[in-house]
Amino acid sequence: MLAVAVRGVPRLVHLTGPSGSGKSSFAAGLPGIDVVVSLDDLREARGSRAGQRDNQEVLGEGLDRLDAALAGGGTVVWDATSLNRHQRSLVHAVARRRDALVTHAVTVVEEDELHRRNATRAHPVPPHVLTAQLHRFVPPYPGEAHRTWYVGPSGGVDDVDGVLDDDGQGA
């Protein structure tokens, strides 16, 4: 069910969810990923993973990397919170330009669990930032992507909308 690669057809796994919800951990376990574009990693390369001052430049660099990776026809993960439709639309525009098949991987974790996880993370966000993210989070609706995976607290896909098998056809 979690096959992600079709030769020659670019694929995007677009992670979405608040900080600490398991996006990066989920992505690390996916088979067949060619490139991961992580906005946190791009910020860290600029000197501060937590730094928000250069967000526009970081986003631009990330979108450029996404475009180049999808142009190669592989499977790419977009690792960022992507909390609302506007944020996701910027990534979707690149995917559409490259005729990529898009999978949303929506992390679904209760607020108490997110705060607990955040307290033990290597790079926690301030609690008020996490609370603000939760208030802004508008999960994607099924149909905004070719398929949607709902990733539960255990890190596995608990539910799916829109299933594509390995040949790109419906199941």
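Count residues from 1 along the sequence.
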Determine whether [X] and [Y] make a side-chain contact, defined as any pair of heavy atoms from C-beta on separated by less than 4.5 Å.
X	Y	result
V108	D158	no
P140	V106	yes
K23	T81	yes
V160	T148	no
V77	V37	no
T16	P139	no
H104	R147	no

### Task
Could you check S19 against Q133 for side chain to side chain donor-acceptor pair (under 3.5 Å), going step by step and ending with a plain yes or no?
CA-CA 8 Å; S19 297; Q133 286 181 3; 3.0 Å; yes
### Query
Is the number of heavy atoms from other residues, nucleotides or ligands within 6.0 Å of CZ (R85) greater than 12?
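12 or below, so no.
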Ignoring hydrogens, what is the shortest heavy-atom contact between [X] and [Y]? Give both atom names and the distance.
X	Y	result
A27	L15	CB-CD1, 3.9 Å
L70	A95	CD1-CA, 3.9 Å
L130	P18	CD1-CB, 4.1 Å
G20	R117	O-CD, 3.2 Å
R88	S82	NH1-O, 3.0 Å
G32	T75	O-CB, 3.5 Å

Mind checking the [atom1]-[atom2] spacing from [X] to [Y]? Nearest 0.5 Å is all I need.
X	Y	atom1	atom2	answer
E110	L114	CD	CG	8.5 Å
L134	L83	CG	CG	8.5 Å
F26	D79	CZ	CG	11.5 Å
F137	T107	CZ	OG1	5.5 Å
W78	Q87	CH2	CD	10.5 Å
S89	N84	OG	CG	8.0 Å

### Query
Cluster question for you: counting only ILVMFWY and a side-chain heavy-atom cut-off of under 4.5 Å, with indirect links fine, are L42 and L90 together?
yes
### Task
Please check if V125 and L59 belong to a single hydrophobic cluster, counting links between Ile, Leu, Val, Met, Phe, Trp and Tyr side chain heavy atoms closer than 4.5 Å.
no
### Task
Apply the test side-chain contact (heavy atoms from CB on, under 4.5 Å) to residues D34 and V76: give CA-CA distance (whole Å), side-chain angles for both, the deciding distance (0.1 Å), then the verdict.
CA-CA 6 Å; D34 298 300; V76 182; 5.7 Å; no
### Message
Looking only at the aromatic ring of each residue, does the gap between the centers of H86 and H92 stay below 6.0 angstrom?
### Response
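For H92 and H86, the ring centres are not under 6.0 Å apart.
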### Task
Output, in order, the C-alpha distance, side-chain angles, deciding distance and verdict of side-chain contact (heavy atoms from CB on, under 4.5 Å) for R97 and V94.
CA-CA 5 Å; R97 186 168 54 253; V94 174; 3.6 Å; yes
### Query
side-chain contact (heavy atoms from CB on, under 4.5 Å) between V102 and R11: does it pass, once the steps are laid out?
CA-CA 6 Å; V102 178; R11 288 193 174 221; over 6 Å; no
#### Entry: Short N-O contact, E61 and R43, less than 4.0 angstrom
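No.
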### Message
side-chain contact (heavy atoms from CB on, under 4.5 Å), that's the test. Do L12 and V91 meet it? Break it down for me.
### Response
CA-CA 9 Å; L12 170 64; V91 176; 3.6 Å; yes
Between the side chain of [X] and the main-chain N/O of [Y], is any donor-acceptor distance below 3.5 Å?
X	Y	result
H146	T103	no
S25	G22	no
D159	Y150	no

